[in-house]
Amino acid sequence: MTDLMEAVTSLAKRRGIAFQSAEIYGGLRSSWDYGPLGVELRRNIRNAWWRATVQLRDDIVGVEAAIVTSPRVWQASGHLETFHDPLVECTNCHQRFRQDDLEANADGVVLCPNCGGAEFTEPKQFNLMLKTFLGPIEDDDAVAYLRPETAQGMFVNFPAVQTVSRKKLPFGIAQIGKSFRNEITPGNFIFRTREFEQMEMEFFVEPGTDDEWFEYWVDQRLQWYLDLGVSKDKLRLRSHDPEELAHYAKAATDVEYEFPFGWQELEGIANRTDFDLDAHQSASGEDLTYFDQEKDARYLPYVVEPAVGVDRALLAFLLDAYRVEEAPTAKGGTDKRTVLGLHRDLAPIKVAVLPLSRNEKLVPEARRVHDVVKPEWISQYDDAGAIGRRYRRQDEVGTPFCVTVDFESLDDHEVTVRERDTMQQDRVPIDNLVSYLRDRL
Ligand code: ATP
């Protein structure tokens, strides 16, 4: 199964989805840069999430908070005190691990995954926040942190956003943005990195209704992946045991995906209670309560939070969409084709326009067709190489439709539209092309 991981990583590199950051300098462990197609794919993932979470609802609004904010936020939220992972070091090879990542073998002994040694140092609590200094003097007063989650931006802005949006409970505040964690063991391509992007939503509810809303959001979030075409049998829900819960949570359920390296958290849904609002209210001295007009009462809302990483979701979408299958060639034989069966909303390129060849009459006609499609969808014009190879190139990055301009097109003003999954071809008048594609995209 690691072959799948290798195949997808190599495809991602070859086709400009993601590659190692600063590769010319040998790269930096766990840092990845996204190329032209990766940028579009990420934008589509964000848009799909934002549309489902904010735009199609009238009870959720957005914010974009600063990445570097007052350190008092992290003091109050408990991150300075408790956002730790237990770090152990193998006494033989000196490699460091997260203690909770190490598994005992059949004899109940934990062996170093690197050298097989059986002795480790005592676990040291290692704070995951990335520290920096603001201004020219690097002293204690200048210490600041890169946020380890976007959520605190919603809590500290809760009264302001509630006032300006005039929302009544239950309502949510959503945010998409970068977070940073000094992970002890980053790895598995973009699965765990030190810099990543999160899509988080804090849903504020009346205490006592939180359990119900928690279930609601678990269902909604699982459905989001299914709606975007992720295989049902690769997804499952896993509730956290009480001892596993984060310092702020009363309950948590993960949406897990079966990655080639095992079932892993794709998204976490947590019932954060009033932990954060209460902590910020005490630390800041500001009133963060909500006035419930119907009940004529003031209280601190409870919070249900779905949180997922853009990068981790992207990896799951890529792995799930990747397939290699037999396909007929133009000459009647068979061939292998690699297809990214991405949902149309996620596909980085929606339409490719291809002249049958670089013929001097076909090229300008195909360019004209491309001009018709371009304002509507992210599209690509490609006239380099044999037509069969160009189809394969588009299949490999998940382009749902290829539009081919051939010699007949010059007379009948029709083009051939080929669908990615079925490879079925339809002849469509250029005048109807946009409406044809609109019905299908
Ligand atoms: P883990 O136990 O895997 O370290 P977590 O439970 O601490 O993760 P959360 O704090 O619940 O993670 O973060 C919410 C989501 O953000 C995760 O489900 C994941 O999709 C994403 N995420 C968290 N940490 C990372 C990371 N280091 N790299 C990429 N994505 C991450």
Side-chain angles (χ1 to χ4, degrees), residues 60-61 63-85 125 127-132 134 140-175 177 179-181 198 200-211 213-214 217 240 242-252 268-293 295-307:
I60 301 180
V61 293
V63 287
E64 285 189 17
I67 289 174
V68 179
T69 185
S70 165
R72 291 183 62 197
V73 169
W74 310 113
Q75 180 79 51
S77 68
H79 282 84
L80 270 176
E81 190 101 355
T82 50
F83 197 55
H84 296 300
D85 274 344
Q125 291 304 327
N127 194 289
L128 296 180
M129 284 205 292
L130 267 113
K131 210 182 208 178
T132 186
L134 297 183
D140 286 352
D141 291 340
V143 169
Y145 300 91
L146 306 190
R147 67 179 173 199
E149 61 173 25
T150 68
Q152 298 304 323
M154 282 76 110
F155 297 127
V156 297
N157 286 307
F158 168 70
V161 175
Q162 196 264 323
T163 308
V164 295
S165 63
R166 294 181 295 123
K167 294 285 178 206
K168 293 197 167 60
L169 292 192
F171 83 95
I173 308 179
Q175 173 163 217
S179 292
F180 301 81
R181 296 183 188 176
Q198 288 188 304
E200 297 195 294
M201 195 274 291
E202 311 305 316
F203 201 69
F204 299 87
V205 305
E206 188 186 341
T209 65
D210 49 309
D211 292 340
W213 281 111
F214 178 73
W217 279 109
H240 285 213
E243 62 273 15
E244 207 190 331
L245 291 173
H247 65 275
Y248 48 73
K250 163 181 163 188
I269 298 109
N271 182 344
R272 294 181 78 129
T273 69
D274 60 359
F275 178 91
D276 302 270
L277 287 178
D278 190 32
H280 288 304
Q281 178 165 269
S282 306
S284 67
E286 293 287 323
D287 180 6
L288 301 184
T289 55
Y290 168 80
F291 180 64
D292 186 328
Q293 278 177 340
K295 297 215 158 71
D296 195 23
R298 279 201 165 273
Y299 53 80
L300 283 176
Y302 268 36
V303 176
V304 175
E305 171 200 79

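Taking the side chain as every heavy atom from C-beta outward, Val143 and Pro71 never approach each other to under 4.5 Å. Using a 4.5 Å heavy-atom cutoff, the side chains of Pro148 and Trp74 are in contact. Taking the side chain as every heavy atom from C-beta outward, Val161 and Val61 approach each other to under 4.5 Å. You'll find the side chain of Glu200 stays beyond 4.5 Å of the side chain of Gln175, heavy atoms only.
Residue Met201 comes nearest to Ile60 through the heavy atom pair CE-CD1, 3.7 Å, listed as atom of the first residue, atom of the second, then distance. Residue Ala283 comes nearest to Arg72 through the heavy atom pair O-NH2, 3.0 Å, listed as atom of the first residue, atom of the second, then distance. The minimum heavy-atom distance linking Pro159 with Val156 is given by the pair CD-O, 4.0 Å.
Remark: the backbone N or O of Gly78 is paired with a side-chain donor or acceptor of Thr82 at under 3.5 angstrom. At distances below 3.5 Å, not a single donor-acceptor pair connects side-chain atoms of Arg147 with backbone N or O atoms of Gln152. Between the side chain of His79 and the backbone N or O of Val73 there is no donor-acceptor pair closer than 3.5 Å.
For the atom pair OG1 (Thr209) and CZ (Phe214), the distance works out to 13.5 Å, reported to the nearest 0.5 Å. The CZ atom of Arg181 sits 7.0 Å away from atom CD of Glu149, with the distance rounded to the nearest 0.5 Å. Within the model, atoms CD of Gln125 and NE2 of His84 stand 6.0 Å from one another, a figure rounded to the nearest 0.5 Å. Phe83 CZ to His247 NE2: the interatomic distance, rounded to the nearest 0.5 Å, is 8.5 Å. Between the CG atom of Asp210 and the CG atom of Asn271 there is a distance of 4.5 Å, given to the nearest 0.5 Å. The CG atom of Leu300 lies 8.5 Å from the CZ atom of Phe158; values are rounded to the nearest 0.5 Å.
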- Task: Could you check Val205 against Phe171 for side chain to side chain contact (heavy atoms under 4.5 Å, CB included), going step by step and ending with a plain yes or no?
- Result: CA-CA 7 Å; Val205 305; Phe171 83 95; over 6 Å; no
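Shown here are the side-chain contact (heavy atoms from CB on, under 4.5 Å) partners of Leu130, two or more places apart in sequence or in another chain: Leu146, Phe180, Asn182. Scored by the side chain to side chain donor-acceptor pair (under 3.5 Å) test, Glu244 finds Arg238 as partners (sequence neighbours excluded). Remark: Asp85 engages Arg98 in a salt bridge (Lys or Arg N to Asp or Glu O under 4.0 Å) (not counting sequence neighbours).
Identified under the side-chain hydrogen bond (donor to acceptor under 3.5 Å, both in side chains) test for residues 283-293, with sequence neighbours left out: Asp287-Thr289, Thr289-Arg298, Asp292-Tyr299. Residue pairs satisfying the salt bridge (charged side-chain N to carboxylate O under 4.0 Å, His left out) criterion with at least one member in residues 276-285, sequence neighbours excluded, are listed as follows: Arg272-Asp276. Every pair tested for salt bridge (charged side-chain N to carboxylate O under 4.0 Å, His left out) that includes a residue from residues 154-169 fails, sequence neighbours excluded, so the list is empty.
For the pairing with Tyr145, the side-chain contact (heavy atoms from CB on, under 4.5 Å) check across Val68, Ile67, Thr132, Leu80 returns one residue only, Leu80.
For the 3.5 Å distance criterion, the side chains of Thr150 and Gln198 fail to qualify, holding no donor opposite an acceptor.
Classified by interplanar angle (parallel below 30°, tilted 30° to 60°, perpendicular above 60°), the ring pair Phe275/Tyr248 is tilted. Using cut-offs of 30° and 60° on the angle between ring planes, the pair Phe204 and Phe155 is perpendicular.
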